[in-house]
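Data first, discussion second: the structure below is written as structure tokens.
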Number of protein chains: 2
Amino acid sequence: MDIKQTELGLLLALNALLDHENVSLAAKQIGITQPAMSAQLKRLRDLFNDPLLVPSGRRLVATTRARALQNDLRAHLQGLNALVRDHTVFDPASSETTFRLIGTDYVHAVLAAPVQKMLAAEAPGARAAFLAFDPKTLWSSLEAETADLALATGMSLPEAKRQSALTEDFQVIMSKTHPLARQPMTLEEFCAFPHILVSPEGGGFIGATDRVLKETGHKRRVAISLPSFLLAPALVSSSDALCMMPTRLAKLHEANVACSPSPFPSPVFDVDLMWHPRRQNDPAHKWFRGQVRRLAQGL
Amino acid sequence: MDIKQTELGLLLALNALLDHENVSLAAKQIGITQPAMSAQLKRLRDLFNDPLLVPSGRRLVATTRARALQNDLRAHLQGLNALVRDHTVFDPASSETTFRLIGTDYVHAVLAAPVQKMLAAEAPGARAAFLAFDPKTLWSSLEAETADLALATGMSLPEAKRQSALTEDFQVIMSKTHPLARQPMTLEEFCAFPHILVSPEGGGFIGATDRVLKETGHKRRVAISLPSFLLAPALVSSSDALCMMPTRLAKLHEANVACSPSPFPSPVFDVDLMWHPRRQNDPAHKWFRGQVRRLAQGL
DNA sequence: ATTAGGTATAATCTGAGTGGATATAAAACA
DNA sequence: TGTTTTATATCCACTCAGATTATACCTAAT
């Protein structure tokens, strides 16, 4: 074991450099200035006797030798990182961590406020960032630690740790002046009005509700497809359309829209907490996901 | 990955501290002074919020938490160490490495001079250290990298890399004035004189030669048992005793003792180079073991 | 040409290590 | 019981590697 302390530091820099192929960004990542990183790169080139990153136009691209280092390098650095994280006590009151949470707009809408309030009370120096949910990049975000936690439904991420957070069903929202606003509606009434459907993937006109209706021989007309639940209340208020909305989210808009129980057994969905197994023993992570779960279950 | 460069350096220090449970030795290992290491220990205690090493009398002993870190810590640091070693070019002419080679006195006797000469010519800044062979600690020495290479016979180290270096047989040495010194001796003459036997383990009076003799119905009298071949020439010179000595070693003493072929088919032994698989791709190690093998085969 | 996006160099500044010494504490010795 | 030995922690003045700020210098795109 003849590696020097300074060389270890250089390896951390190299890892950042390989991640970005960009000196300035790598510098920002590890919290030093660009010239300092440039100097570290020079020392790295000396150490390995290899340019490591060569200019190609105005980009830098990694050499073969540098690429060969990348995987092991990252693995061992992550290992050491996890080591200190897992054995460092976490004190919410003094923490300045940023917790990054991936979720759908539904999740953001129902959890952003409680999380914000919780942090203000328990960890005033910490911050939360809510990131958009994208099933294609979810795992890589957790893997690369650009996000700490995800709240999602029905995702199968075999490598992720998972914990159930809440179960949700739907209610019907409509304009406060809607003819059906006063008392519970019948299934026939429900089907008689135009509907707004929320399809996060965009452009869909058939949802869980339509599948349930079909089983009972009914049918509704979906007039508009929106990419987010957050757009529905405004639209509902200015038309006679109905919209099936997750109950907790509907309750948040009670001031602006009328809210009525589903005239048929509502579809339900489970929202799971998911995270990278690497974070399993990270005290800060343990604390945060515990808080989020508690908040979700208290909704 | 929010670990800082300075923290990585501290981990290297922690590793050394856990290895030695001694600030001064740990400091020496990583090449800083005792006050500097004491300061790093303080920073480590801060980082982990744990004393890590607590005084017990005048020793330091690791806390449970520190112990829990040790294995992963060492593994990842060794991984990073291997990473830079394996991708660093080795230039014999400018190297200041110390190569540590484990071998029996026989190995030392026949190889020390050639290795020394080779280094002087090819790697004048490098040094070689010859360490005593101890079958009980051989593997742990390679594992802990207190030695780089071993030359031994018939050791079975399942995890070690191995390469055959040379095959050796025996000749008979005796005083220059010995009655048998002039011409090849017969087996009967061989058995008529007292013998010196070398038993590295100490105190043995039966060796490979005795087993071979027994098969042909002969027998010799072992008058003295020595722990090292290096002691035999002096003893032989001042008596009429004979000694079976590895041929290459015998040749080294030709100026002082007479040397005669074995009057029966000599036992032979193979000497293998052995090293830790972790060093397999280390350029410096590759170079050195290649040189040693070349020297051994040229003997 | 000029600008935008990036890296490297130059001149200073700073923080951690050094050498050298001391305070302190426990163990070993007498 | 006191004295010596062994070891860690702390102090100081000094040095130096590596940080910073500011600037020069590339290259591609406009």
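Fair warning: this is a prediction, and the values are worked out from it, not measured in the lab. Chain A is the first sequence line, chain B the second, and so forth, proteins listed ahead of strands; every chain is numbered from 1.
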Distance in angstrom units between [X] [atom1] and [N] [atom2], rounded:
X: A:Leu17; N: C:dA8; atom1: CG; atom2: C1'; answer: 14 Å
X: B:Leu25; N: D:dT6; atom1: CG; atom2: P; answer: 13 Å
X: B:Leu10; N: C:dG17; atom1: CG; atom2: P; answer: 9 Å
X: B:Lys4; N: D:dG18; atom1: NZ; atom2: C1'; answer: 16 Å
X: B:Leu60; N: D:dA7; atom1: CG; atom2: P; answer: 10 Å
X: B:Gln40; N: D:dT8; atom1: CD; atom2: C1'; answer: 15 Å
X: B:His20; N: D:dT6; atom1: NE2; atom2: P; answer: 18 Å
X: B:Leu8; N: C:dA16; atom1: CG; atom2: P; answer: 16 Å

Checklist entry - If you measure only the distance, is there a donor-acceptor pair under 3.5 Å linking the side chains of A:Thr153 and A:Asp272? => result no
Would you indicate, yes or no, if [N] has its OP1 or OP2 atom less than 4.0 angstrom from a side-chain nitrogen or oxygen of [X]?
X: B:Asn22; N: D:dT6; answer: no
X: A:Thr6; N: D:dA17; answer: no
X: A:Lys42; N: D:dG18; answer: no
X: B:Arg45; N: D:dA9; answer: yes

Specify the closest pair of heavy atoms between [X] and [Y], including all atoms of both residues, with the distance to one decimal.
X: B:Asp105; Y: B:Ser228; value: OD2-OG, 2.5 Å
X: B:His87; Y: A:Phe48; value: O-CD2, 3.5 Å
X: A:Gln40; Y: A:Ala13; value: OE1-CB, 3.2 Å

Checklist entry - Is it the case that more than 12 heavy atoms not belonging to A:Arg127 sit under 6.0 Å from its CZ atom? => result no
Item to check | Short side-chain to backbone donor-acceptor contact, B:Arg85 and B:Ala284, under 3.5 Å | outcome: no
Checklist entry - At under 4.0 Å between heavy atoms, what does B:Arg59 touch on the DNA or RNA strands: base, sugar-phosphate, or nothing? => result nothing
Shorter than 3.5 Å, N or O on both sides, protein versus nucleotides 20-27 of chain D: list them out with atom names.
unit_1: D:dT20; atom_1: OP2; unit_2: A:Thr33; atom_2: N; d: 3.0
unit_1: D:dT20; atom_1: OP2; unit_2: A:Thr33; atom_2: OG1; d: 2.3

Next on the checklist: Could you check, using the six-membered ring where one of them is a Trp, whether A:Tyr106 and A:Phe229 have ring centers closer than 6.0 angstrom?
Outcome noted: no
Checklist entry - If you check the B:Gln5 side chain, which of D:dA9, D:dA19, C:dA8 turns out closest? => result D:dA19
